[in-house]
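See below for the structure under consideration.
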Amino acid sequence: MKYFLTLLTASTLSVQADDYVNFLRQVQNDASQTTHEVSGLANKGSRAAMAGVTTSSVFELWAVNTTTAEEHLLDVKTVSSYHPEAELSITSADPYTLIPRTRADQPFIVTYTIKGLLDDPDAPDAAKSVVLDQVIQQEGSGASSNVQLTLDENETKAFIYPAMSGIDTSSYKGSQSFTLYAHPDQHFETATELATQDVIIFPVVSGSMTGVENGETYASAPTIGINITNLYPRSDAFVRVTSASSGETKIVENSVTENPHEDVWDFTKTLSGAAFIANEDGDYTIELCSNSPFGIEVLQSANFTIKTTLEINGSLNSSE
Amino acid sequence: MSTRLRAFLLVAFSLSFCPFLMAEGDNKPLIVKPPKRTLIGNSTILASGGKWTLVPKGAIIQLPDSYKNKVVTKPKGTLVKWSQFLASNGSWIHKFPVQMQQAQGKTLISQEVIQRFAKMNKVVIATCADGPISVNPKALLPPAEPKTQKAP
């Protein structure tokens, strides 16, 4: 059987074109796994299958970083005359769509659609059910776990995965891979991949300030040191100060620092006293914050007082 | 709280009564999974002038000794798409369009053509619809000698 298809290549991609080259690989399910490639695909679009499909083909959509050569498998679709159709997607609060990603303390949702399963007891296994495979991989440790589940309904369904338990969310970094497989039939030893999607899990941001102590009084605005660990990709860290008397909150202008990377990022910064607050007497609250897709979070705070007039306790006596 | 975060939490809450997959599954494998996919691992890397690109393994059907240094094992420099790399390196790359039947080794590539490649002193890369394609080595073999039968 030979037919042509139009493949939606990257409808959900939002990649900076200069950073990645997209590749579409078509692997024919023949003896030599004949592989055809198209590179430099636009971030959105569709195209006809390059050489048609003989029996079955697997289409792989990849993005490769132009400088680091890091490769990301964005999507896999199997087109054949006998396998069911399957789609799989992962969403989180992070709108970044090149690769779904989230944080170790946040949930994500896995949605799948299965079509074309047969309710015929005489049908081959490959046509009666599929297997949803989940691989949990912790970066650096080499530790991984694998869960598989049989699905035998033609349906669209979503599962919410809550934040992982039993881990140190401030240091855990890893990924989870979800794949829908068709059972192998009589011609194959291994299962056939129908659809796959990964989600990257980053550790939770933490931060601290030096130079300001809770409850202390200063004669002038102190110099503050900022120390941020694991700032979420493309997120901001900033310092804000609230005056107790006026209730006014100001974001310290030169304190706003964006993580320019697609990975978590550590940095330190110093804010001189005059730079972040007027030297007015009063009580203040200073907060070190993170602004990410998961909202604004206070990483550390301190209350302090500025008192510029010097009080001297003492007396002057005359000996006359 | 951002609009995106609100929308996500709303969806997440509405799904909270769905069974959790991790609770349903067990550790007994139901299938034998194929090997993990890799793009670069299944490719040949061509590099020149600080730029590199990928072609499927098997797409290079002739590699003269003088250009073996253009095939590298680790990418270095900037990745560019195939058409851009070809445009910059046309002096030593020859693009050879093949049919799918040839790529699959079901029909042979003419030996005359293969001998012509040998005289070109260029890296010859098979393409289909302008994209590089792997070629079954069987397609490059000379045709089998016809079997002769002794007269009875």
Side-chain angles (χ1 to χ4, degrees), chain A residues 21-25 28 30-41 50-52 54 60 62 64-67 69 71 73 76 91-95 107 109-110 131-134 145-150 157-162 179 181 183-184 189-193 196 293-296, chain B residues 1-2 4-5 7-9 11-13 15-16 18-22 24-35 37-40 42-43 52-59 74-84 99-100 103-105 128-138:
Chain A
V21 173
N22 297 328
F23 290 83
L24 179 62
R25 283 266 168 110
Q28 298 276 4
D30 57 21
S32 58
Q33 298 278 285
T34 305
T35 303
H36 184 266
E37 174 191 292
V38 176
S39 60
L41 298 167
M50 295 75 79
T54 54
E60 305 169 352
W62 296 85
V64 182
N65 189 290
T66 53
T67 51
E71 62 181 35
L73 181 57
V76 174
T91 50
S92 75
D94 185 346
I109 296 169
V110 177
V131 172
L132 178 56
D133 179 84
Q134 176 194 15
S145 58
N146 188 197
V147 182
Q148 294 181 345
L149 178 71
T150 297
K157 201 167 183 179
F159 289 121
I160 178 170
Y161 285 75
T179 307
Y181 289 101
H183 285 282
E189 290 181 2
T190 57
T192 300
E193 191 175 306
T196 189
F294 315 106
I296 293 176
Chain B
M1 188 183 290
S2 69
R4 166 86 186 179
L5 179 59
F8 175 76
L9 291 176
V11 173
F13 180 76
L15 294 170
S16 60
C18 291
F20 294 150
L21 184 59
M22 281 185 286
E24 284 193 357
D26 58 35
N27 290 323
K28 186 181 173 188
L30 301 168
I31 48 165
V32 178
K33 292 190 282 187
R37 295 183 189 281
T38 163
L39 178 68
I40 296 175
N42 288 332
S43 302
W52 59 280
T53 197
L54 300 171
V55 297
K57 275 186 179 171
K74 282 190 177 176
K76 194 177 177 184
T78 305
L79 169 64
V80 295
K81 59 185 179 182
W82 156 251
S83 58
Q84 189 179 339
Q99 295 171 344
M100 180 55 76
Q104 292 180 303
C128 183
D130 271 342
I133 189 169
S134 65
V135 173
N136 188 324
K138 285 181 186 172

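Each chain gets a letter, A, B and so on, in the order its sequence line appears, and its residues count up from 1.
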Structural part of B:Asn42 lying under 4.5 Å from a heavy atom of chain A: both

Are A:Arg25 and B:Arg37 packed together at the side-chain level, in the sense that at least one heavy-atom pair is separated by less than 4.5 angstrom? no

Heavy atoms from other residues, nucleotides or ligands near NZ of B:Lys138 exceed 12 (cutoff 6.0 Å): no

May I ask you to name which of B:Ala103, B:Ser83, B:Gly58 has the most heavy-atom pairs under 4.5 Å with chain A? B:Ala103

Between the CG atom in B:Leu79 and the OG atom in A:Ser39, the distance rounded to the nearest 0.5 Å is 8.0 Å

Drop me the distance from B:Leu30's CG to A:Leu149's CG, to the nearest 0.5 angstrom. 8.0 Å

Counting heavy-atom pairs under 4.5 Å to chain B, which of A:Thr67, A:Val131, A:Val110, A:Thr179 comes out on top? A:Val131

Give the minimum heavy-atom separation between A:Val64 and B:Trp52, together with the two atoms involved. CG1-CH2, 4.3 Å

Where B:Ile31 and A:His183 come nearest, the two heavy atoms and their spacing: CG2-ND1, 3.5 Å

Check for a donor-acceptor pair, side chain of A:Gln28 on one end and backbone N or O of B:Gln104 on the other, with a separation under 3.5 Å. no

Side chains of B:Lys57 and A:Thr35: closer than 4.5 Å at any heavy-atom pair? no

Please look at A:Asp133 and chain B and tell me whether the side chain, the backbone, both or neither of the residue comes under 4.5 angstrom of a heavy atom of that chain. side chain

Should A:Glu71 and B:Leu54 count as side-chain neighbours, where that means a heavy-atom distance under 4.5 Å? no

A:Thr34 and B:Ile133: side chain to side chain contact (heavy atoms under 4.5 Å, CB included), yes or no, with the steps? CA-CA 7 Å; A:Thr34 305; B:Ile133 189 169; 4.0 Å; yes

Using a cut-off of under 4.5 Å on heavy-atom pairs, state which of B:Leu39, B:Asn136, B:Thr53, B:Val135 scores highest against chain A. B:Leu39

Side chain from CB out, backbone as N, CA, C, O: work out which of these in A:Gln33 comes under 4.5 Å of a heavy atom of chain B, or both, or neither. backbone

Contact part of B:Pro75 toward chain A, heavy-atom cut-off under 4.5 Å: side chain, backbone, both or neither? side chain

Could you give the distance from CD1 (B:Ile40) to CH2 (A:Trp62), rounded to the nearest 0.5 Å? 8.5 Å

